[in-house]
Protein chains: 2
Amino acid sequence: MNKIPQEKIKRASEGLRAIAHELRLSVLCHLIEGDKCVHELMEATGASQSNLSQHLTKMRMMGIVDNEKRGQQVFYHIADPAWGDLVHVLQHIYCPEMCAEQPL
Amino acid sequence: MNKIPQEKIKRASEGLRAIAHELRLSVLCHLIEGDKCVHELMEATGASQSNLSQHLTKMRMMGIVDNEKRGQQVFYHIADPAWGDLVHVLQHIYCPEMCAEQPL
DNA sequence: TTATAATATTGTAAATATCTAATATATAAT
DNA sequence: ATTATATATTAGATATTTACAATATTATAA
């Protein structure tokens, strides 16, 4: 009864791959707390400018994040809050102590 | 306030990678409906025996699925129901029409 | 206009992941 | 014992991903 079309599974797996990387997932976790410009994300993650930019571009192209230019800075934010929910599920799996008794 | 330790992020990204593949995600979707033996998963996914077995092994080693021998068959099941929840979040993103008005 | 700061893009070598084919193992049936 | 069935493992060629360095772009400041 849960018949998911193959094409959707393919796109979903591509979306997953877009966050299945230590640095990209780290960025996502920081963006959950609010918009951040590239510079802030560099400091928060310790990644190099070039490397971070490439990963941000990848996530933007996959529809995970979106960006917006303000002055000379570019601010990124999570495109669909469901990606934040997905991170919360991950926390339930890998950081159960942080989730305490909260249900999904 | 949502400070997630880097080590957890690393492990979570590894877990994500373990399902961020069309075939592996497809298997996961089938396992949501209940335990399946390798043979059934072969038919359901159309993958070759060898290829499927390798992907199942990878998911088992990453703690996504677990298996159990019954007679001459090996049945796989989702190890932690939270992985099923994660697939549901993906459905909200990529198959919204299937989720109708259900919240997470 | 020149310089500086913030971000993006490109080229590329190294690492990782993937698939197929072949082979191995273990269990059940004859 | 032999054969058949179900699943796992290994080897190797190809494809994809990654990180770093260098360069480009764009907007602001001097």
Side-chain angles (χ1 to χ4, degrees), chain A residues 6 9-31 34-79, chain B residues 6 9-31 34-79:
Chain A
Q6 195 59 24
I9 290 184
K10 180 178 182 184
R11 289 205 287 127
S13 71
E14 288 165 352
L16 275 180
R17 229 169 310 154
I19 67 169
H21 182 279
E22 185 173 359
L23 178 53
R24 294 196 293 270
L25 185 56
S26 185
V27 165
L28 207 55
C29 289
H30 285 293
L31 291 183
D35 297 17
K36 298 266 186 303
C37 70
V38 179
H39 189 255
E40 290 172 311
L41 290 172
M42 271 179 68
E43 292 194 337
T45 64
S48 78
Q49 189 275 313
S50 166
N51 195 20
L52 177 59
S53 182
Q54 285 176 92
H55 285 292
L56 287 172
T57 296
K58 174 171 289 194
M59 284 201 280
R60 186 168 47 76
M61 298 213 293
M62 294 307 294
I64 313 294
V65 300
D66 213 341
N67 66 8
E68 169 192 4
K69 203 159 199 167
R70 291 185 214 152
Q72 56 190 326
Q73 291 165 314
V74 178
F75 281 80
Y76 281 80
H77 59 93
I78 296 180
Chain B
Q6 195 59 25
I9 291 184
K10 180 178 183 185
R11 288 206 286 129
S13 72
E14 288 166 351
L16 276 179
R17 232 169 307 155
I19 68 169
H21 182 280
E22 186 173 359
L23 178 52
R24 292 195 295 270
L25 185 55
S26 185
V27 165
L28 208 54
C29 289
H30 286 293
L31 291 184
D35 297 18
K36 298 266 185 302
C37 70
V38 179
H39 188 254
E40 290 172 313
L41 290 172
M42 271 180 67
E43 291 194 338
T45 65
S48 77
Q49 188 274 313
S50 166
N51 196 18
L52 178 59
S53 181
Q54 285 177 88
H55 286 292
L56 287 172
T57 296
K58 175 172 290 194
M59 285 201 279
R60 187 167 48 75
M61 297 213 293
M62 294 306 294
I64 313 294
V65 300
D66 214 340
N67 66 8
E68 167 193 5
K69 203 159 199 167
R70 292 185 213 150
Q72 56 190 325
Q73 290 165 314
V74 176
F75 282 79
Y76 281 80
H77 59 93
I78 297 181

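Order of the sequence lines sets the chain letters (A, B, ...), proteins ahead of strands, with each chain counted from 1.
- Atom-to-atom, NE2 of B:His39 to P of D:dA4 comes out at 17 Å; the value is rounded to the nearest Å.
- For B:Arg24, a side-chain nitrogen or oxygen approaches OP1 or OP2 of C:dT18 to under 4.0 Å.
- At distances below 3.5 Å, at least one donor-acceptor pair connects side-chain atoms of B:Thr45 with backbone N or O atoms of B:Leu41.
- A straight line from CD of B:Glu40 to C1' of D:dA6 spans 12 Å, rounded to a whole angstrom.
- At least one donor-acceptor pair under 3.5 Å links the side chain of A:Glu40 to the backbone N or O of A:Cys37.
- OP1 and OP2 of C:dT9 both lie 4.0 Å or more from every side-chain N or O belonging to A:His55.
- Regarding A:Arg70, its CZ atom lies at a distance of 18 Å from the C1' atom of D:dT28, rounded to whole Å.
- Minimum atom distance to the side chain of A:Val74 is reached by C:dA8, of the listed C:dA8, D:dA19, D:dT7.
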Worksheet, complete the sentence: With sugar-phosphate taken as primed atoms, P, OP1 and OP2 and all else as base, the protein-contact string of nucleotides 21-30 of chain C at under 4.0 Å (heavy atoms; B, S, -) is BB-----S--
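- Side-chain atoms of A:Arg60 never come within 3.5 Å of backbone atoms of A:Val65 as a donor-acceptor pair (strictly under, hydrogens ignored).
- Using a 4.5 Å heavy-atom cutoff, the side chains of B:Tyr76 and B:Val38 are in contact.
- Side chain of A:Gln73, nearest nucleotide from C:dA6, C:dA8, D:dT7: C:dA6.
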Discussion item. I'd like to know whether B:Arg24 forms a salt bridge (Lys or Arg N to Asp or Glu O under 4.0 Å) with B:Glu22, so could you lay out the CA-CA distance, the side-chain angles of the two residues, the decisive distance to 0.1 Å, and finally the verdict.
Written reply: CA-CA 6 Å; B:Arg24 292 195 295 270; B:Glu22 186 173 359; over 6 Å; no
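- When the nearest nucleotides of DNA chain D are assigned to B:Met42 and A:Leu23 by heavy-atom distance, the more 5′-ward of the two goes with B:Met42.
- Along DNA chain C, the nucleotide nearest A:Arg60 and the nucleotide nearest A:Arg17 are compared for position; the residue whose nucleotide lies closer to the 5' end is A:Arg60.
- A:His39 has its side chain within reach of A:Glu43: a pair of non-hydrogen atoms, C-beta onward, lies under 4.5 Å apart.
- In this structure, A:Leu56 atom CG and C:dA6 atom C1' are separated by 13 Å, rounded to whole Å.
- For the pair B:Met59 CE and C:dT18 C1', the computed distance is 15 Å after rounding to whole Å.
- For D:dT18, one of the phosphate oxygens OP1 or OP2 lies less than 4.0 angstrom from a side-chain nitrogen or oxygen of A:Lys58.
- Side-chain proximity of B:Tyr76 to the nucleotides D:dT17, D:dA19, D:dA8 is greatest for D:dA8.
- Remark: C1' of D:dT17 and CD of A:Glu22 are 15 Å apart, rounded to the nearest angstrom.
- Across the protein-nucleic acid pair, B:Leu25 atom CG and C:dA17 atom P stand 18 Å apart, rounded to whole Å.
- Look at B:Thr57 and you'll find a side-chain N or O under 4.0 angstrom from OP1 or OP2 of D:dT9.
- Rounded to a whole Å, the NE2 atom of A:His21 is 11 Å from the P atom of D:dT17.
- A donor-acceptor pair is defined here as one N or O able to donate and one able to accept, closer than 3.5 Å; no such pair exists between the side chain of B:Ser53 and the backbone of B:Gln49.
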